[in-house]
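Side-chain atoms are counted along with the backbone in the values below, which use heavy atoms only and exclude waters and symmetry mates. Every chain is numbered from 1, with letters handed out A, B, ... down the list of sequences.
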Amino acid sequence: MNTFTKEERLCSKKSLDLLFSNGSSFLLYPFRVSYLFHDTPAKYPAQIVINVAKKRYKRAVDRNLIKRRTREVYRLQKCNLLYDNLLNKDKLLLLSLQFVGKKIYPYSFIEKKMIAALHKLTSTINANDIETI
RNA sequence: AAUGCAAGCUGUUCUAUCGUUUGAAUUUCGAUUCAAGAGGAAAGUCCGGGCAACAUAGAGCAAUUCGCUUCCUAACGGGAAGGGGUUUAGGGAUGAAUACCUAAAUUACGGAAUAGUGCCACAGAAAAUAUACCGCCACAACUUGUUUGGGGUAAGGGUGAAAACGUGAGGUAAGCGCUCACGAUUGUAUAAAGCGAUUUAUACUUUGGUAAACCCCGAGUGUUGAAAAACCAAAUAGGCUAACGCAUGUAGGGCGGCUCGUUCGAUGUUAGUGGGUAGGUUGUUUGAGGUAAAUGGCAACAUUUAUCCUAGAUUAAUGAUAGAAACCUUUUGUCGUUAAAAAACAAAAGCGUACAGAACCCGGCUUAUAGGCUUGCAUUUUUU
RNA sequence: GCUUUUGUAGUUCAAUGGAUAGAAUGUCAGAUUCCGGUUCUGAUGAUGGGGGUUCGAAUCCCUUCAAAAGCA
């Protein structure tokens, strides 16, 4: 259930280019969320990439810490909030989380913000579906 | 004993749940189980190598790096031992200056007697060919004096970071290494000691600084870095090879920047071969490896024997949560004491436990580092 | 991972090894004005940090910190 394997990560260079050139995005501090639907269905309904910029965090230790915390929060929350909404669609969601904060936040803060971000993502997706229908 | 500084060593532990990378085993191919999974600096990228591709036809110039000696090392701008210099402190000599002895710190330390050039602000007469400001000295002149003139003179003055080697004596019109004694400094020759840098003695000889200014001498340096490189790989552009033709080694290109020299060499037709990119595999973790002992060496280090195999990711694993322990800091209480303090014990609080994350691999250097331990130095207090 | 460049007043730039580090602009104070602006006068304020070479360092050398750019 609470897995985070290689199939759930976004590794392909092509799909990354596609996501950053065509995908839509919104900002919910400290995350900048970009997403795009892709037609090739896979084992998991979403692929994610977590991005912490070298310009904002100079030390590799800080970058690793932020990435690990966000990854852990995503791993624990994605089933309840994200996957249930995507199960009835035969599409792959490409997702990118860019961390745009300035300092090192504790785990609880990141957890709260991640839940809010996922809620906003699902609501925007559903709204778009209604519009297209 | 406390505090501070410097150097070296070390670099918190356990349990539960969920998760991750690699390997092995099982498998109903869904997965399950087991094992392993960051450092002393992994950092900075400051040096040196291995490895790989390209280039290999060289010579000269240019550019650039290093620079006491011997040794260690695969190599180094690294390290060890030594020599010289500089600074500081102390010591006992001397008329004084210097030198001498001892200890500590420090040193990018080839060459200014192997050539040449540049620079030395301000101040000062003068900053390197001493154009003599004051002063000193004799000579000449007449206006006979606080005079003028052309000379000699670097002992004294003041300036400066630095003033033509320092101190004393002789000598001199006055002076001057002009001469002498002692001493500093530069090189050469001889002798002795040392592998050598160099040291000591004697003779002769030199006397501003600056080469982290240009430069000279000696020794070196090919370029690019795993985003190197090899292989696998469906469709499509294009490429390569051979033959013929054009041209006759021409335009132009390669050989690090230039010159010489050397080498390739335009467009077309036919035939053959073959695969840029997405992605994957190798490179890639057994190595100038670690640990222990013995031997050699003042030491850096080397040799031998035994033993061990210990991360391998690639949008990038090694984590998150909860609990407990250890240590640290603060507060409170008990004990202790004449009184306080220290020590000890107990309790509570603290998102207190550093610096920091492998990315092809090694050897160094540099920098960062809570707490603990060891050593050295400095300060303060107490006792003798 | 690799390569390279740059650090000077609050800001934009100068300065041949010679130091009182300069200019514009900004800020503050004063004058002018009924008030403000303009103008004039004066003040303010800097060589990223540490060490070395030198008589003397913003400049030369070493080291470190920060910022920026490039390589698919």
Quick one: look up who rA229(B) pairs with, Watson-Crick or G-U, both distances under 3.5 Å, and put none if it's unpaired. rU282(B)
rG85(B) versus rC5(B) - spacing of their P atoms, nearest Å: 37 Å
Under a 4.0 Å N-O cut-off, is there an ion pair linking Arg75(A) with Glu72(A)? yes
On RNA chain B, more 5' by nearest nucleotide between Val49(A) and Glu72(A) is Val49(A)
In the strands shown, is rA354(B) matched to any nucleotide by a Watson-Crick or G-U wobble pair with both distances under 3.5 Å, and which? none
Would you classify rU310(B) as syn or anti? Syn applies when the glycosidic angle is within 90° of 0. syn
Counting only heavy atoms from other residues, nucleotides and ligands, does the tally under 6.0 Å from NZ of Lys112(A) exceed 12? no
Glycosidic conformation of rG30(B), taking syn as within 90° of 0 and anti otherwise: syn
Decide, for rA38(B), between syn and anti: a glycosidic angle within 90° of 0 counts as syn, anything else as anti. syn
To the nearest angstrom, how far is Arg69(A) atom CZ from rC18(B) atom P? 22 Å
Using Watson-Crick or G-U wobble geometry with both distances below 3.5 Å, tell me the partner of rU114(B), or none. none
Matching residue for Arg68(A) among Asn64(A), Thr70(A), Leu65(A), Ile66(A) - test: side chain to side chain contact (heavy atoms under 4.5 Å, CB included): Asn64(A)
Using the ring pair (Phe, Tyr, Trp, His ring centres under 6.0 Å) definition, which of the options Phe99(A), Phe26(A), Phe109(A) pairs with Phe31(A)? Phe99(A)
Anti versus syn assignment for rU285(B), with syn defined as within 90° of 0: syn
Between atom CG of Leu118(A) and atom CD of Gln77(A), what is the distance when rounded to the nearest 0.5 Å? 7.5 Å
How close or far is atom P of rG319(B) from atom CD1 of Ile66(A), stated in whole angstroms? 16 Å
As its Watson-Crick or G-U partner within any shown strand, both distances under 3.5 Å, rU22(B) has rA35(B)
For the P atoms, the ones on rU33(B) and on rU20(B), what distance do you get once it is rounded to whole angstrom? 12 Å
Give Arg71(A) one of three labels, base, sugar-phosphate or nothing, depending on what nucleic acid heavy atoms sit under 4.0 Å from its own. sugar-phosphate
How about Val33(A) and Leu95(A): do any of their side-chain heavy atoms sit closer than 4.5 Å? yes
To the nearest Å, how far apart are Leu76(A) CG and rU17(B) C1'? 11 Å
Tell which nucleotide pairs with rU167(B), taking only Watson-Crick or G-U wobble pairs whose two distances are both under 3.5 angstrom. rA181(B)
Is Arg68(A) close enough to rU318(B) that one of its side-chain N or O atoms is under 4.0 Å from OP1 or OP2 there? yes
Rounded to whole Å, please give me the gap between CG in Leu97(A) and C1' in rU315(B). 13 Å
Scan nucleotides 349-356 of chain B against the protein and return all N/O pairs shorter than 3.5 Å with their distances rounded to 0.1 Å.
{"unit_1": "rA356(B)", "atom_1": "OP1", "unit_2": "Arg59(A)", "atom_2": "NH2", "d": "3.4"}

From rA320(B), rG19(B), rA38(B), pick the nucleotide closest to the side chain of Leu65(A)? rA320(B)
Under the rule syn = chi within 90° of 0, otherwise anti, which is rG261(B)? anti
NZ of Lys67(A) versus P of rA320(B): gap in Å, rounded? 15 Å
Does rG37(C) have a Watson-Crick or wobble partner in any strand here, with both distances under 3.5 angstrom, and which is it? none
Let's test this: given Watson-Crick or G-U wobble pairing with both distances under 3.5 Å, identify the partner of rA16(B). rU321(B)
Is it true that atom CZ of Arg32(A) has more than 12 heavy atoms of other residues, nucleotides or ligands lying nearer than 6.0 Å? no
For rG275(B), the nucleotide meeting Watson-Crick or G-U wobble distances (both under 3.5 Å) is none
